[in-house]
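In what follows, a single structure is set out as structure tokens and then discussed.
First the proteins, then the strands, lettered A, B, ... as listed; each starts at 1. Hydrogens, waters and symmetry mates are skipped; everything else that's a heavy atom, side chains included, is used.
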Amino acid sequence: MIIAVASGKGGTGKTTVSASLASIWEEPLIAVDLDVEEPNLHLFLTPQIQGRREAHMEVPVADESLCTRCGACSELCQFKAISLLGEVLLAFPEMCHGCGGCLAVCPAGALTPGVRELGEISWGRAGDARFLMGRLRVGEAMSPPLMRQVKDQLNQMLAQTPADVIIDCPPGVSCPAVNSVMDSDLVLLVTEPTPFGFYDFELAWRAFSDLGKPMAAIINRAGVGDRAVYDFCAAQGLPILGEIPFARAAAEAYSKGQVLAQATPELNQAFRAIAGRVRELAAGAAAKEAAHA
Amino acid sequence: MLEIVVISGKGGTGKTSLTGAFAHLAQNKVICDLDVDAPDLHLLLHPKHAREEDFYSGHEAVIDPVRCDLCGVCQEKCRYQAIDEIDGALKVNPVKCEGCKVCVEFCPAGAIDFPEKHCGQWYESETRFGPMVHAQLFPGEENSGRLVALLRQKARTLAEERGLGLILCDGAPGIGCPVISSLSGTDLTVAVTEPTPSGRHDLERVVELCGHFRIPTGVIINKHDINPAETAALEAFCAEKDLRLLAKLPHDLAMTQAMVQGQVITEYQSQGLAELVRKAWDEIMGMADLVKAA
């Protein structure tokens, strides 16, 4: 089963929940950080990194001497990554989305594949779990291409040895966030009961409902703010799998890089209960899907 | 004209709560929410929309099943695995489609349409603190960078029309497309962080990004009293990178209580945290004077 931990609003506790669940998960597990812009899961799981590689995307390299100035490439490119300015052919590799269209359409062989560095993918072990993360190169604007490569690697790892997967997702509800929950069996929405938390929670709920994903909520910093998110969950029939009470001690534990589920016996118990309900829900969702297929 | 963007790298450090307070304190400005994906500033400022416009950007491929002869060339050419065969028909998965037009170009049957995409809405509004420009991208959409660029353009036009000298922007979390778009041409960034491993890690990356664009950056350490050792590490980082430490603010639930009331902290209270936030704004203005002089 693949569990995506997402949130809408940033800083609500996605990584806290991901790291905590990973630390107490009893089945074989791969913990994945898909928040490639600001990956933080490794700061809490402190994995032993066993391998890393640069991730690249194919971009065009222009050879002016072969170019016939037909303009087919610049006409096709939707991203202004290649253009014919008068008689000059210019490639802007940082704008390229790697679709390969210009390379395929050029009749003169004036474009050849080059590469742009997207960032780095690394993997290793965190306790009994396997670990995988992507880290976007600072200055790189596009996270989805790197996320796709991390997911490809995840699929290879799963093919070798099957396991459950917990994905720490990026915040928000735009393209990167939707990409990261797309292949999951269950989306866990971590929120805080504040106006900001609730507004972004509702955005995320709407976005991921469109994907037809089963969802459940975890409420962090319970006790601050208001009741709006509880009312909403009740009205929508969205299960709340657990609450993490607001406590200064929890904030301090987090600030020291501690995994919350390991901070106190009570929190450990609370996360074990959450993990149990997560497994139940995800297994139910997977069974439903299998029945449909 | 001066443009200030408040960013953070990590989400949830207090960016928007502080930007809201700065919007209260600043004079003669246009307020701009550049977090078009999960915007929250409107929850404090309650903007009244004076103008509402559709945002169109990019295109998406749509296969016409009548014209399609199922040759599969589109599937072969698509690098995003966005085309699936469902019930004997080829369909584009709009979530995966990048709008690159490669399938449209190479379809031998000319069966793929390529309509423009309606990606969101943007607004010009009035608030109790002055005019505001903001937007809402539809869920799952890309091109947030283009929408950010559009908002900044609209904010500049509005500032010129009304003779306002400052554009104050709430940025998005992360270091990707929308953040890069919000940094280009900015005079000054204020990075809000917190004394946690994630806060420091993400600050380092966002500061490196600001360095790429050679933008002067000041730092606010929020919730500094949660972890004095981490706060000291953040201060050392600021000193090492020559970043101006603008303020250290304590963890205080008054910030959340103000939010619940739909107020900014400087409206909610006059003493305590509000006083420190006012001082932080004075520091930002002081830094802005230095930037303008340079």
Side-chain angles (χ1 to χ4, degrees), chain A residues 7-13 15 35-40 43-44 76-79 97-101 104-105 136 138-144 148 170-179 182 192 194-196 199-200 203-204 206-208 210-211 224-226 248 251-252 254-257, chain B residues 8-13 16-17 35-38 40 43-44 58-59 77-80 95-96 98-102 105-106 137 139-142 144-145 172-181 194-199 201-202 205-206 208-209 212 223 226-227 230 251 253 256 259-260 262:
Chain A
S7 75
K9 175 167 158 45
T12 56
T15 303
D35 185 0
V36 300
E37 290 183 41
E38 297 289 22
N40 291 151
L43 298 172
F44 296 87
L76 176 59
C77 181
Q78 300 296 301
F79 312 110
H97 286 225
C99 72
V105 84
L136 195 70
V138 174
E140 169 63 49
M142 291 168 214
S143 54
R148 277 194 287 270
V173 297
S174 70
C175 178
V178 171
N179 257 291
M182 205 157 48
E192 56 180 38
T194 64
F196 289 0
Y199 182 82
D200 297 349
L203 284 179
R206 256 192 284 155
F208 305 150
D210 286 349
L211 299 175
V224 303
D226 56 23
R248 196 177 165 99
E252 286 178 1
Y254 173 81
S255 82
K256 291 176 188 144
Chain B
S8 69
K10 174 169 162 40
T13 58
T16 302
S17 292
D35 187 352
V36 298
D37 176 4
D40 287 330
L43 299 170
L44 299 177
H59 294 75
K77 292 279 181 193
C78 177
R79 293 207 173 166
Y80 309 106
V95 176
K96 291 188 174 178
E98 289 263 326
C100 71
K101 207 185 177 183
V102 167
E105 175 78 19
F106 287 95
L137 198 69
E141 291 297 345
E142 47 184 329
S144 53
I175 58 165
C177 171
V179 180
I180 289 176
S181 183
E194 60 179 32
T196 66
S198 310
H201 174 269
D202 297 355
R205 283 164 68 76
V206 93
E208 191 183 337
L209 186 66
H212 269 262
K223 308 173 201 168
I226 288 282
N227 188 330
E230 269 291 340
H251 184 254
L253 282 177
T256 308
M259 189 206 294
V260 170

Under 4.5 Å from any heavy atom of chain B - which part of [X]:
{"X": "A:Glu140", "result": "backbone"}
{"X": "A:Pro39", "result": "both"}
{"X": "A:Val105", "result": "both"}
{"X": "A:Arg206", "result": "neither"}
{"X": "A:Thr12", "result": "neither"}
{"X": "A:Phe208", "result": "neither"}
{"X": "A:Ala104", "result": "both"}
{"X": "A:Ala177", "result": "neither"}

Any chance you could measure [X], atom [atom1], to [Y], atom [atom2], to the nearest 0.5 Å?
{"X": "B:Thr16", "Y": "A:Asp200", "atom1": "OG1", "atom2": "CG", "value": "8.5 Å"}
{"X": "A:Leu136", "Y": "B:Leu209", "atom1": "CG", "atom2": "CG", "value": "10.0 Å"}
{"X": "A:Ser143", "Y": "A:Arg148", "atom1": "OG", "atom2": "CZ", "value": "9.5 Å"}
{"X": "A:Glu38", "Y": "B:Ser8", "atom1": "CD", "atom2": "OG", "value": "8.0 Å"}

Given a strict heavy-atom distance threshold of 4.5 Å, which part of [X] is in contact with chain A: side chain, backbone, both, or neither?
{"X": "B:Ser17", "result": "both"}
{"X": "B:Ile175", "result": "both"}
{"X": "B:Pro195", "result": "backbone"}

- Message: Which residues pass the salt bridge (Lys or Arg N to Asp or Glu O under 4.0 Å) test with B:Glu141, not counting sequence neighbours?
- Response: B:Lys117
- Message: Regarding A:Thr15 and A:Tyr254, do their side chains bring together a donor and an acceptor under 3.5 Å, going by distance alone?
- Response: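 The criterion, which ignores hydrogens and geometry beyond distance, is not satisfied for A:Tyr254 and A:Thr15.
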Under a 4.5 Å cutoff for heavy-atom pairs, which residue among [options] has the most contacts with chain B?
{"options": "A:Leu76, A:Val178, A:Asn179", "answer": "A:Leu76"}
{"options": "A:Gly100, A:Pro195, A:Gly98", "answer": "A:Pro195"}
{"options": "A:Cys77, A:Ser7, A:Ser174", "answer": "A:Ser174"}
{"options": "A:Pro176, A:Gly8, A:Gly11", "answer": "A:Gly11"}

- How far apart are the C-alpha atoms of A:Glu192 and A:Lys9, what are their side-chain angles, what is the distance that settles it, and do they pass the side-chain contact (heavy atoms from CB on, under 4.5 Å) test? CA-CA 9 Å; A:Glu192 56 180 38; A:Lys9 175 167 158 45; 3.4 Å; yes
Based on non-hydrogen pairs under 4.5 Å, which of [options] is most in contact with chain A?
{"options": "B:Glu105, B:Glu230, B:Lys223", "answer": "B:Glu105"}
{"options": "B:Leu43, B:Thr256, B:Val102, B:Val95", "answer": "B:Leu43"}
{"options": "B:Ile180, B:Val36, B:Val206, B:Asp202", "answer": "B:Asp202"}
{"options": "B:His59, B:Glu98, B:Lys10", "answer": "B:Glu98"}
{"options": "B:Gly174, B:Cys177, B:Gly140", "answer": "B:Gly140"}

- Message: Please check this pair: side chain of A:Glu37 against backbone of B:Gly176, looking for a donor-acceptor N/O pair closer than 3.5 Å.
- Response: yes
- Is the backbone of A:Val138 close enough, under 3.5 Å, to the side chain of B:Arg205 for a donor and an acceptor to pair up by distance? no
- Are any of the side-chain heavy atoms of B:Tyr80 and A:Pro144 separated by less than 4.5 Å? no
- Message: Could you check whether any side-chain heavy atom of B:Ser144 comes within less than 4.5 Å of a side-chain heavy atom of B:Asp37, counting everything from C-beta outward?
- Response: no
- Message: Taking side chain to side chain donor-acceptor pair (under 3.5 Å) as the definition, give me every residue that meets it alongside A:Ser255, ordered by chain and number, with sequence neighbours left out.
- Response: B:Asn227
